Enquirer: 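Structure provided below as structure tokens; questions to follow.
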Amino acid sequence: MRSLPCVQADFNELVAPPELGRTFTQSVRPGFADCAPSGRLRLDALACWLQDVAYADVEDAGLAESAVWVVRRTRMRVQRFPRFGERFNVTTFCSGLGRMWAERRTDIVRCGESIADVEAVSLWVHLSPADWRPTPLTEREIVTYSHATPDRRVSARLRHPAPEAIEASAPWTFRATERDIAGHINNAAYWQPLEEELLAGNDPDTIDVEIEYRAPAQPGEKRVLRADHRRWIVDGEGETHASILVVNGEPRP
């Protein structure tokens with residue numbers, strides 16, 4: 001298998017956990033359906049962990065009814081892939097605020113260890129539960145989450161380029177079973193085309209990858225475009241649903 005390309009890129013910053021301010025932790029372990037045949041946790045399963053702990057934090061804070069949060073961008077830096085049978089503590093916290101969006105950092109740490117196997121950061125857009133349109137954060141949300149990073153402001157601007165210099169194109173199909181309660185394809189499913197690349201060869205030791213979500217997708221036929229270290233998931237009209245940037249991916253020898 002060829003190595004996934006390695007590049008330098010302007011990724012979302014992975015800031016350190018706060019000394020003060022709110023953090024939330026829950027315990028998880030990879031299940032049968034979460035893992036590749038080798039026992040490695042798949043990227044799409046990791047994405048599920050990130051969205052589940054994010055909602056659990058909001059619910060624990062008593063803010064679940066305040067807004068609907070939709071992920072705009074996620075970076076995952078995997079130093080070591082979690083494996084079946086292992087137990088982990090997943091800790092999440094707010095790492096930056098904007099007017100109608102916020103950034104969330106998450107660390108996935110094996111029980112008994114002090115260094116995270118996986119570090120992730122996601123930008124989430126804050127939507128009104130009434131009409132699902134972007135709306136400013138409430139005062140209660142700001143008070144709850146601003147103590148961790150009171151001076152760090154974040155932007156919701158998309159950074160990945162449009163498809164260009166395409167080297168390869170392959171069909172992809174989103175299934176109806178991948179729709180979530182929002183009525184469109186869940187964000188975790190967008191990791192599957194890259195995961196298919198990983199499954200085609202030896203397991204990677206590490207990966208550093210970022211995805212940006214653009215136009216929500218519905219079930220049906222799509223295409224995955226590839227150009228060096230970039231991927232785009234597009235529909236039949238060429239509209240981009242998501243773009244993927246692989247900064248580092250190292251397969252096992």
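Predicted model, so just to flag it, every value in this text is computed and none were measured.
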Enquirer: Between Ile207 and Met76, is there shared hydrophobic-cluster membership here, with clusters defined by ILVMFWY side-chain heavy atoms closer than 4.5 Å?
Expert: yes
Enquirer: Would a distance-only check, ignoring hydrogens and angles, find a side-chain to backbone donor-acceptor pair under 3.5 Å from Trp232 to Pro161?
Expert: yes
Enquirer: Whether Arg40 and Glu195 form a salt bridge (side-chain N of Lys/Arg under 4.0 Å from carboxylate O of Asp/Glu) is what I want to check.
Expert: yes
Enquirer: Considering all heavy atoms of both residues, which atom of Thr173 and which atom of Glu178 are nearest to each other, and what is their separation?
Expert: O-OE1, 4.5 Å
Enquirer: Are Glu119 and Arg77 ion-paired here, with the side-chain N under 4.0 Å from a carboxylate O?
Expert: yes
Enquirer: When you look at Gln79 and Thr206, which way does the side chain to side chain donor-acceptor pair (under 3.5 Å) test go after all the steps?
Expert: CA-CA 5 Å; Gln79 305 287 5; Thr206 65; over 6 Å; no
Enquirer: Would a 4.5 Å heavy-atom cut-off, applied to side chains only, mark Glu167 and Asp228 as touching?
Expert: yes
Enquirer: Could you go through the side chain to side chain contact (heavy atoms under 4.5 Å, CB included) check for Trp132 and Val68 one step at a time?
Expert: CA-CA 7 Å; Trp132 285 56; Val68 174; 3.8 Å; yes
Enquirer: Using a 3.5 Å distance criterion without hydrogens, assess whether the side chain of Glu197 forms a donor-acceptor pair with backbone atoms of Leu194.
Expert: no
Enquirer: For the ring pair Phe93 and Phe24, is the centre-to-centre distance below 6.0 Å?
Expert: no
Enquirer: Measure the CG-SG distance between Leu43 and Cys48 for me, rounded to the nearest 0.5 Å.
Expert: 11.5 Å
Enquirer: Is the side chain of Tyr213 donor-acceptor paired with the backbone N or O of Asn187 at a distance under 3.5 Å, no angle test?
Expert: yes
Enquirer: For Thr91 and Thr25, does a side-chain donor sit closer than 3.5 Å to a side-chain acceptor?
Expert: yes
Enquirer: Is there a chain of hydrophobic side chains (I, L, V, M, F, W, Y, each step under 4.5 Å between heavy atoms) that links Leu225 to Val246?
Expert: no
Enquirer: Looking at Arg110 and Asp117, is any side-chain nitrogen of the basic one under 4.0 Å from a carboxylate oxygen of the acidic one?
Expert: yes
Enquirer: Using a distance-only test with no angle check, is there a side-chain donor-acceptor pair under 3.5 angstrom linking Arg104 and Thr92?
Expert: yes
Enquirer: Can you see which heavy atom on Tyr190 is nearest to which on Ile185, and at what distance?
Expert: CE1-O, 3.6 Å
Enquirer: Can you tell me if Thr144 and Glu141 form a side-chain donor-acceptor pair at under 3.5 Å?
Expert: no
Enquirer: Below 4.0 angstrom, N of the basic side chain to O of the carboxylate: do Asp57 and Arg22 qualify?
Expert: yes
Enquirer: Assess, by modelled atom type and distance only, whether the side chains of Asp203 and Ser38 contain a donor and an acceptor separated by less than 3.5 Å.
Expert: yes
Enquirer: Are any side-chain N or O atoms of Arg105 and backbone N or O atoms of Ala120, one a donor and one an acceptor, separated by less than 3.5 Å?
Expert: yes
Enquirer: Do Val70 and Trp191 share a hydrophobic cluster (ILVMFWY, side-chain heavy atoms under 4.5 Å, transitive)?
Expert: no
Enquirer: Could Asp208 and Arg75 be called an ion pair, given the rule that one side-chain N must be under 4.0 Å from one carboxylate O?
Expert: yes
Enquirer: If every non-hydrogen atom of Trp101 is compared with every non-hydrogen atom of Leu123, which pair is closest and at what distance?
Expert: CD1-CD1, 4.1 Å
Enquirer: Describe, in one word, how the ring planes of Phe32 and Phe84 are oriented to each other, choosing from parallel (under 30°), tilted (30 to 60°) and perpendicular (over 60°).
Expert: tilted
Enquirer: Consider only side-chain N and O atoms of Gln51 and Asn186, and report whether a donor and an acceptor are under 3.5 Å apart.
Expert: yes
Enquirer: Would you compute the distance between atom OG of Ser155 and atom CZ of Arg99 and round it to the nearest 0.5 angstrom?
Expert: 13.5 Å
Enquirer: Considering the options Arg231, Glu210, Arg230, Arg214, which one meets the side-chain hydrogen bond (donor to acceptor under 3.5 Å, both in side chains) requirement together with His160?
Expert: Glu210
Enquirer: When you look at CD of Glu65, are more than 12 heavy atoms from neighbouring residues, nucleotides or ligands closer to it than 6.0 Å?
Expert: no
Enquirer: Report the distance from atom CG of Leu127 to atom OG1 of Thr135, rounding to the nearest 0.5 Å.
Expert: 9.0 Å
